[in-house]
Every structure is written in structure tokens, then in C-alpha cells.
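Nothing here was measured: the structure is a model prediction, and the numbers come from that model. Below, each value reflects all heavy atoms present in this structure, side chains not excepted, and no hydrogens, waters or symmetry copies.
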Amino acid sequence: MRPTISIVVAIFNRKDELFELLNSLTFQTDKAFEVIIVDDGSLIDLKPTIQNFDGILEIKYFRKDNSGPGLTRNYGAKRAQNDWLLFVDSDVIVEKDYIENIKKDIETIPCDAFGGADKAHKGFNLMQKAISYSMTSVFTTGGIRGSKKAVSRFQPRSFNMGVNKAVFEKVGGFSEMRIGEDPDLSMTLWEKGFTTAFFDDIAVYHKRRVDLGKFSKQVYQFGCARPILNQRHPNYVKISFAFPTLFMLGYILGFIEYFILGRGIILAFYGLYTFLVLFHAMIVTKNISIAGMAVISTYIQMFSYGYGFLKSWVLLNIFRMKPEDAFPKHFHKK
């Protein structure tokens with residue numbers, strides 16, 4: 001018997017992105033799936049967008065009070081009818097063989113949960129492509145979001161994540177965390193003895209943030225979440241998690257060295273790093289404008305994430321604050 005799939009989409013506003021996602025699902029070569037859309041207290045009416053696909057897609061629509069993405073996905077999962085839950089963000093677009101490849105991979109790659117990469121669509125604007133590069137580059141995240149070769153033990157992310165429904169229910173679904181809830185689930189699965197896998201033929205086109213201000217805020221929140229995750233899952237802590245913070249502090253130290261000692265040794269390393277990012281981004285994107293923007297977005301990513309990580313680490317480990325007290329907006333009571 002072939003795997004059966006329920007696509008769960010937690011959404012807050014974003015009606016235009018939702019239309020693009022649903023439109024991409026209409027072109028699937030395998031049309032045997034249901035779509036569960038859970039409106040997490042949007043300030044706009046999403047029904048007219050969804051009604052465009054009546055009779056084309058099997059859609060179930062629910063609306064609830066705002067509780068963050070994790071608990072909203074749990075809400076949708078409880079109402080799913082199929083054996084596998086497929087979580088995608090509302091700002092992604094999928095290829096026409098997305099569902100077909102997922103079913104094929106489930107049948108041939110034993111796992112309890114899986115994930116895939118994300119990349120930039122040719123129709124994205126220059127800034128979206130630059131941000132996509134920063135989030136998938138070997139010089140920033142180590143390439144863990146974009147390449148199977150970079151993965152040792154893959155943590156599926158909720159923009160492109162599948163979980164066996166029975167397993168999902170056994171571990172209690174997503175936690176009360178609003179930020180970092182997807183790696184939290186992945187590590188919980190490992191701790192319970194379940195397995196995850198990377199499917200290299202199910203990449204999605206992920207829009208992410210469309211301007212640097214929103215992108216900075218987003219990765220800052222990711223940085224804040226990481227020490228919380230380290231505290232919740234100490235067996236999976238890596239020194240590489242602190243790299244953006246060390247990068248940020250090293251940059252500051254470089255300026256201190258330059259202005260006080262009159263030497264630029266440290267800043268020279270940052271100059272080399274900048275050149276490598278620019279050169280690599282040009283090769284990957286084949287566009288000098290995108291490459292230039294990618295340098296800026298890369299520095300914003302490293303500094304914003306690094307500052308968030310440092311702030312969170314100090315609050316949790318120096319001041320001994322509880323995560324829910326240090327970052328109350330990052331949690332929601334079940």
C-alpha cells in the first residue's frame with residue numbers, strides 16, 4: 001500500500017503566498033493528497049484565496065486563535081486523515097513531482113521523519129535570491145539546508161518536513177516553542193529512538209523574508225532559540241552553533257585592534273571571508289548584483305544570529321533565567 005499524505009499548512013496572513021503554494025500543488029503529477037490549512041488568527045480573510053481551488057484540491061480549512069506555528073501545526077495534524085504528515089511553510093512553492101518523489105522516497109528510504117532542501121526560484125527577486133544564498137551557503141550554515149553532502153544527521157525543518165503521523169502523536173507533536181520548534185521536534189524524535197532522513201529530490205522554493213530588516217529580525221530570533229535548544233537537548237550541542245557569535249565578536253575585536261594598535265591582521269581575515277562569499281555567490285547565482293547583496297545579507301545573518309545567540313546564552317547561563325522568562329514571546333502554553 002502506497003504512503004498517504006496530508007499536507008499541513010500553518011498560516012498567518014500571507015494570502016498571496018498561500019495562493020502561489022496552492023497553485024503549485026494543482027500541478028502535481030500525483031494528486032492523491034489532502035491539504036489542511038490552519039489559519040492562526042490572521043488579520044485578513046483567507047477564505048476567498050482558498051475558494052479559488054474548490055474542486056481542484058482536497059482542502060480542509062480551519063481557523064483558530066493565534067498560538068504560533070508549532071501548536072497550529074499540531075491542530076492541523078489532529079485533523080489529518082492520512083498516514084504521513086507533510087509540513088510546509090505558506091511561503092514555499094513546490095515542483096510538480098514533489099508528492100510523487102516523497103512517496104517514492106518513503107517506500108525506499110526507511111525513516112520516521114524526513115526533510116528536504118530549500119532553494120531560490122528563478123522568479124524570486126534579487127534580494128530573495130541573495131537571502132536564499134545566505135541561508136544555504138557553505139560559508140554560513142555549512143550548507144546543511146541545501147545539500148545532502150553536508151548532512152551527517154539531518155534535522156528536518158518545518159518549511160519542508162514530513163513525519164509519520166503515529167510517530168508524531170507518540171512524541172506529542174511540536175512543543176510550546178514558537179521559534180526553533182522544528183529542530184526541537186527533530187531532536188525529540190532522536191531521543192525517543194526514531195530516525196530522520198534527507199530526501200535529496202524534494203527541494204522547495206522558499207521565499208523567506210523579502211527585505212533585510214525582516215530577515216535580520218528572523219535570524220536574531222533563531223539565534224535566541226539555539227541556547228534554549230541546547231539546554232533542552234544537551235546531547236546534540238555543537239561548537240559550530242556558536243560560530244556566528246564568535247564571528248561577530250571577532251569583527252569587533254578587529255576594529256579594536258585596528259584603532260588601538262594600528263594593525264589590521266584580524267580585519268584582513270574578514271576581508272578574505274568577504275571575497276570568498278562574493279566569489280562563491282557569483283558562481284552559485286551567476287549574477288554580480290545578487291552576489292553583492294549576498295555579502296550584505298550574509299553579514300546581517302551572522303551578526304543578527306550571533307547577537308541573539310550571545311544574548312540568550314548569557315541570560316540562560318549567567319543570569320540563570322528560565323527560557324520562558326527570558327523570552328516569553330518564544331513560548332505559548334499548550
With no hydrogens and no angle check, is any side-chain donor or acceptor of Thr4 less than 3.5 Å from a backbone partner on Asn82?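 Here the side-chain-to-backbone pair does not exist.
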Expected list for residues 184-191: side-chain donor-acceptor pairs under 3.5 angstrom, two or more places apart:
from, atom 1, to, atom 2, distance (Å)
Asp184, OD1, Arg232, NE, 3.0
Asp184, OD1, His233, NE2, 2.6
Asp184, OD2, Ser175, OG, 2.8
Asp184, OD2, Arg232, NH2, 3.4
Ser186, OG, Pro156, O, 3.2
Ser186, OG, Asp182, O, 3.4
Thr188, OG1, Asp184, O, 2.8
Trp190, NE1, Thr196, OG1, 3.0
Glu191, OE1, His233, ND1, 3.2
Glu191, OE2, His233, ND1, 2.7

Using the ring-ring contact (aromatic ring centres under 6.0 Å, His included) criterion, which residues pair with Phe19? Sequence neighbours excluded.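 With sequence neighbours excluded, Phe19 shows a ring-ring contact (aromatic ring centres under 6.0 Å, His included) to Phe53, given in chain and number order.
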Is there a donor-acceptor pair under 3.5 Å between the side chain of Ser134 and the backbone N or O of Ala130?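 Between the backbone of Ala130 and the side chain of Ser134 there is a qualifying donor-acceptor contact (under 3.5 Å).
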Can you check whether Ala294's main-chain N or O pairs, donor with acceptor, with Ser297's side chain at less than 3.5 Å?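 Yes; judged by distance alone, with no hydrogens or angles, the pair exists.
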Which residues share a side chain to side chain donor-acceptor pair (under 3.5 Å) with Asp201, sequence neighbours left out: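 Asp201 satisfies side chain to side chain donor-acceptor pair (under 3.5 Å) with Lys104 once adjacent residues are dropped.
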Who clusters with Leu43? Use side-chain heavy atoms, under 4.5 angstrom, across I, L, V, M, F, W and Y, and order the result by chain and number.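 The other cluster members (ILVMFWY side chains, heavy atoms under 4.5 Å, direct or chained) are Phe12.
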Applying ring-ring contact (aromatic ring centres under 6.0 Å, His included) as the test, list every pair that has at least one member in residues 78-116; sequence neighbours left out.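 Pairs touching residues 78-116 that pass the test: Trp84-Phe114, Phe87-Phe168, Phe87-Phe174, Phe114-Phe199.
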Main chain of Val38, side chain of Lys60: is a donor-acceptor contact present, judged purely on distance under 3.5 Å?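 No, Lys60 side chain to Val38 backbone: no donor-acceptor pair under 3.5 Å.
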Do the charged groups of Glu169 and Lys78 touch, with an N to O distance under 4.0 Å?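 No, Glu169 and Lys78 are not salt-bridged.
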Taking Ala80's backbone N and O only, do any of them form a donor-acceptor pair with Ser6's side chain (distance below 3.5 Å, no angle check)?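 Not confirmed, Ser6 side chain does not pair with Ala80 backbone.
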Tell me every residue that passes side chain to side chain donor-acceptor pair (under 3.5 Å) with Asp30, counting only those two or more places apart in sequence or in another chain.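 Asp30 satisfies side chain to side chain donor-acceptor pair (under 3.5 Å) with Lys103 once adjacent residues are dropped.
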Path from Ile300 to Phe124 over hydrophobic side-chain contacts below 4.5 Å: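 No; tracing contacts between hydrophobic side chains, which count when under 4.5 Å, never links both residues.
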With no hydrogens and no angle check, is any side-chain donor or acceptor of Gln28 less than 3.5 Å from a backbone partner on Ile99?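 Flag set: sc Gln28 to bb Ile99 pair under 3.5 Å.
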Taking only residues at least two apart or on different chains, which pairs with a member in residues 299-320 satisfy salt bridge (Lys or Arg N to Asp or Glu O under 4.0 Å)?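 Applying salt bridge (Lys or Arg N to Asp or Glu O under 4.0 Å) to every pair that reaches into residues 299-320, excluding sequence neighbours, yields nothing.
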Salt bridge (charged side-chain N to carboxylate O under 4.0 Å, His left out) partners of Asp112, counting only residues at least two apart: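 Salt bridge (charged side-chain N to carboxylate O under 4.0 Å, His left out) check on Asp112 returns nothing, list empty.
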Is the closest basic N to carboxylate O distance between Arg63 and Asp39 below 4.0 Å?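 Yes, this pair counts.
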Given the rule in the side-chain contact (heavy atoms from CB on, under 4.5 Å) test, do Glu20 and Lys207 qualify, once you have shown the distances and angles that lead to the verdict? CA-CA 11 Å; Glu20 292 179 338; Lys207 282 192 171 182; 2.4 Å; yes
Let's go through Lys165 and Asp83 carefully: what are the C-alpha distance in whole Å and the side-chain angles of both, what is the deciding distance for side-chain contact (heavy atoms from CB on, under 4.5 Å) to 0.1 Å, and is it a yes or a no? CA-CA 5 Å; Lys165 186 181 179 184; Asp83 297 330; 5.7 Å; no
Where at least one partner belongs to residues 26-52, residue pairs that pass ring-ring contact (aromatic ring centres under 6.0 Å, His included), sequence neighbours excluded: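 As it turns out, there is no ring-ring contact (aromatic ring centres under 6.0 Å, His included) pair with a partner in residues 26-52 once direct neighbours are skipped.
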Check this for me: Tyr258, atom OH, are more than 12 non-hydrogen atoms of other residues, nucleotides or ligands nearer than 6.0 Å?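 Result for OH/Tyr258: open.
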Candidate pair Thr72 and Lys64, rule side-chain hydrogen bond (donor to acceptor under 3.5 Å, both in side chains), full reasoning: CA-CA 8 Å; Thr72 301; Lys64 52 178 279 300; 3.1 Å; yes
If you apply the rule side-chain contact (heavy atoms from CB on, under 4.5 Å), what do you find for Phe222 with Met135, and how did you get there? CA-CA 12 Å; Phe222 290 163; Met135 290 297 289; 4.2 Å; yes
N/O donor-acceptor pair under 3.5 Å between Asp89 side chain and Asp91 backbone: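 A pair under 3.5 Å: no.
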Connected hydrophobic set around Val237, excluding itself, where side chains approach under 4.5 Å: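 Answer for Val237: none, a lone residue.
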Can you list the residues that meet the salt bridge (charged side-chain N to carboxylate O under 4.0 Å, His left out) rule with Glu100, with sequence neighbours excluded?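 Here no residue qualifies.
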Are a donor atom and an acceptor atom from the side chains of Arg226 and Ser312 found within less than 3.5 Å of each other?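 There is no such pair between these side chains.
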Could you check whether any side-chain N or O of Glu107 sits under 3.5 Å from a backbone N or O of Pro3, counting only pairs where one atom can act as donor and the other as acceptor?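 Pair absent, no side-chain N/O of Glu107 close to backbone of Pro3.
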Go through Tyr236 and Gln155 one step at a time and tell me if the side-chain hydrogen bond (donor to acceptor under 3.5 Å, both in side chains) criterion holds. CA-CA 11 Å; Tyr236 302 110; Gln155 289 185 8; over 6 Å; no
Tell me the closest heavy-atom pair linking Leu229 and Pro183, and the distance in Å.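 Closest heavy-atom pair between Leu229 and Pro183: CD1-CG, 3.7 Å.
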Just list the side-chain donor-acceptor pairs under 3.5 Å for residues 269-283, sequence neighbours left out, or say none.
from, atom 1, to, atom 2, distance (Å)
Tyr270, OH, Phe247, O, 2.6
Tyr270, OH, Tyr251, N, 2.9
Tyr273, OH, Phe139, O, 2.7
Thr274, OG1, Tyr270, O, 2.8
Thr274, OG1, Tyr299, OH, 2.6
His280, ND1, Tyr133, OH, 2.8

Whether over 12 other heavy atoms sit under 6.0 Å from Tyr220 OH: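 Enclosed.
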Check step by step if side-chain contact (heavy atoms from CB on, under 4.5 Å) holds for Leu261 and Glu257. CA-CA 5 Å; Leu261 301 179; Glu257 179 200 36; 4.3 Å; yes
Asn317 side chain to Trp313 main-chain N or O, any donor-acceptor pair under 3.5 Å?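 At least one qualifying donor-acceptor pair exists.
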Between Asp40 and Gly68 (side chain of the first, backbone of the second, donor and acceptor by atom type, cut-off under 3.5 Å), is there such a pair?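 Side chain of Asp40 to backbone of Gly68, a donor-acceptor pair under 3.5 Å: yes, one is there.
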